[in-house]
Number of protein chains: 2
Amino acid sequence: MTGAEHRTLLLVEDDAKLAALLDRLFSGEGYTVDVARDGHSGLHRALTHQYAVMVIDRGLPAIEGVDLVRRLRAKGVTTPTLILTARGTTEDRVEGLDAGAEDYVVKPFEIDELLARLRALLRRHTDSSTRLDLGERHLDVTARRVVGGDVPIELSGRENELLQLFAAHPSQVFTRDELRRLVFQDADSPGAVDTYVYYLRRKLGRDVIRTVHGLGYRMGSA
Amino acid sequence: MTGAEHRTLLLVEDDAKLAALLDRLFSGEGYTVDVARDGHSGLHRALTHQYAVMVIDRGLPAIEGVDLVRRLRAKGVTTPTLILTARGTTEDRVEGLDAGAEDYVVKPFEIDELLARLRALLRRHTDSSTRLDLGERHLDVTARRVVGGDVPIELSGRENELLQLFAAHPSQVFTRDELRRLVFQDADSPGAVDTYVYYLRRKLGRDVIRTVHGLGYRMGSA
DNA sequence: GTCCGCTCTGAGGTTCCTCTGAGATTCGCG
DNA sequence: CGCGAATCTCAGAGGAACCTCAGAGCGGAC
């Protein structure tokens, strides 16, 4: 276990009074709090920094909270997220969760409940870790990089997706067709699979992915 | 036989009491149980870990059970899956199975029946796996390699086909003519059979295939 | 707009697989 | 034992599959 990591929290909240309140609240719980006042800066911060958890208000200027989550998920950011909302209908809840949020708190909320849900979120997320075993090293899916060697190795979105698939099914052989369907949405990208296998090998060593001649590829660590 | 492998089971169940009950039940049967309490964490765990089998409740928060299975199948996860449901109409059953679940148990269920179905599921799935016995080791036909020794041994396409034929009929003697017809499509490849027998022996040991002088070859472990 | 990184294409070079053929070795039989 | 036949061993040719990489296209950041 890595144990006592920095627990940095991103709060995206436009209401100044509520933002200040929550900031104090979360800080008091031991989080390092980063506040963004609208969807755009929230998006930017979330894309350029690493957070343990995000708390996002649904009613935001510029980009709506649910939309923000959706965009982040589309970008491969899987940081656990809690949405604050004034509305509490079933459709709202479904929409938020479908967008990729992990939890949903309706305003006005009990402070204790909010904190409890946040703890649960964090616990659940670190329990079901975003790490995939790669033998000596491991892939941090969320951060999109491979750590465990001398120096962490950053991956692009595609590289990350591809390696994630292999690492999740270490003994399975994937044909190029399967990989194209599962990783490259576009059915017409014949050489892309080979190229990305090449990229991963260049970054991580020739043995990360093995060729099964005439069939496809599979993970290196059997 | 490979025998006592790790049989890890993923249970996705939101009801705490039922989850605890099933956890104990499955653990008692020798499974290593992993519990997810909602669809999202279930999805995440299933994508980042490997399970022998999954048991998923149909009525889940966040992502419904059937939907969860559908998403997993779309992602290329083929782990055999059993769905628990309160409803038992024909449409429900069809929907669940269409989504890619292998079996369907209606609550309230008999514990013994559930366990029996689970065993059947596991057995069916491993049976249909493409493994052929080779005595100490076994041939994984789909992965095209022999495992069970210190190090897995990769086979080429032809080597794989040839060994597959022998392993599927351990006591039968094959003439060179038969082998040529069955494994080598080109009828005019007189020496190829001998060469590939030689390749297999070089990779797997002299005894994998025995020569029957004047007749042909047969499997080593008669 | 300009820059930069990501994605994918396509062409050339390389590796791997398949099968051939020839010499060395073993087998069976007198 | 001695001989012919069957089998084993292995280097290498030909071709398919694969690897490598420069660069075009595109979209987002500033």
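What you see below is based on every heavy atom in this structure, not just the backbone, and it leaves out hydrogens, waters and symmetry mates. Reminder, nothing fancy here: chain letters follow the sequence lines and each chain counts from 1.
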message: Between B/D140 and B/T142, do the side chains contain a donor N or O and an acceptor N or O under 3.5 Å apart?
response: yes
query: A/F184 CZ to C/dC8 C1': how many Å, rounded?
result: 9 Å
message: On the nucleotide D/dT9, are OP1 or OP2 found under 4.0 Å from the side-chain N or O atoms that B/R202 carries?
response: no
message: Can you see if the side chain of A/S156 gets near the phosphate of C/dT7 - specifically, an N or O under 4.0 Å from OP1 or OP2?
response: yes
query: Within the structure, does a side-chain N or O atom of B/Y198 lie under 4.0 Å from either OP1 or OP2 of D/dC10?
result: yes
field: Spacing between B/R206 atom CZ and D/dT7 atom P, to the nearest angstrom
entry: 17 Å
- prompt: Given atom NE2 of A/H40 and atom C1' of D/dA29, what is their separation to the nearest angstrom?
  reply: 13 Å
message: With side-chain hydrogen bond (donor to acceptor under 3.5 Å, both in side chains) as the criterion, how do B/N160 and B/S156 come out once you've worked through the C-alpha distance, each side chain's angles and the decisive distance to 0.1 Å?
response: CA-CA 6 Å; B/N160 186 47; B/S156 78; over 6 Å; no
field: Interatomic distance, B/I209 CD1 vs D/dT9 P [rounded to whole Å]
entry: 12 Å
message: Between A/R210 and A/G220 (side chain of the first, backbone of the second, donor and acceptor by atom type, cut-off under 3.5 Å), is there such a pair?
response: yes
query: Which whole-number value in Å describes the distance from B/D207 CG to D/dC8 P?
result: 13 Å
A/L163 CG to A/K203 NZ distance, which is reported to the nearest 0.5 Å: 10.5 Å
- prompt: side chain to side chain donor-acceptor pair (under 3.5 Å) with B/Y51: which of B/D34, B/T81, B/T79, B/T8?
  reply: B/D34
message: What I want to find out is whether B/R37 reaches B/E13 closely enough, with some N-O distance under 4.0 Å, to be called a salt bridge.
response: no
field: Residue pairs passing the ring-ring contact (aromatic ring centres under 6.0 Å, His included) test where at least one lies in residues 188-214 of chain B, sequence neighbours excluded
entry: B/F184-B/Y196, B/Y196-B/Y199
query: Can you name the nearest heavy-atom pair linking B/V197 to B/L162, along with the distance?
result: N-CD2, 4.0 Å
query: Where along residues 161-169 of chain B does a heavy atom come under 4.0 Å from DNA chain C, residue by residue in number order?
result: none
field: Any A/H44 side-chain N or O less than 4.0 Å from OP1/OP2 of D/dC30
entry: yes
message: Using only modelled atom types and a 3.5 angstrom limit, is any donor from either the side chain of A/Y199 or the base of C/dC8 paired with an acceptor on the other?
response: yes
query: Among C/dT18, C/dC8, C/dG21, which is the nearest nucleotide to the side chain of B/Y196?
result: C/dT18
statement: Rounded to whole Å, NZ of B/K203 lies from C1' of D/dC10 at a distance of 15 Å
field: Where protein sits on nucleotides 13-18 of chain D, one letter per nucleotide: B base, S sugar-phosphate only, - none, heavy atoms under 4.0 Å
entry: ----SS
- prompt: How many Å lie between CG on B/L179 and C1' on C/dC19, as a whole number?
  reply: 15 Å
message: I need the CD-P distance between B/E159 and C/dC19, as an integer number of Å.
response: 11 Å
field: Any donor-acceptor N or O pair under 3.5 Å, side chains B/T211, B/R201
entry: yes
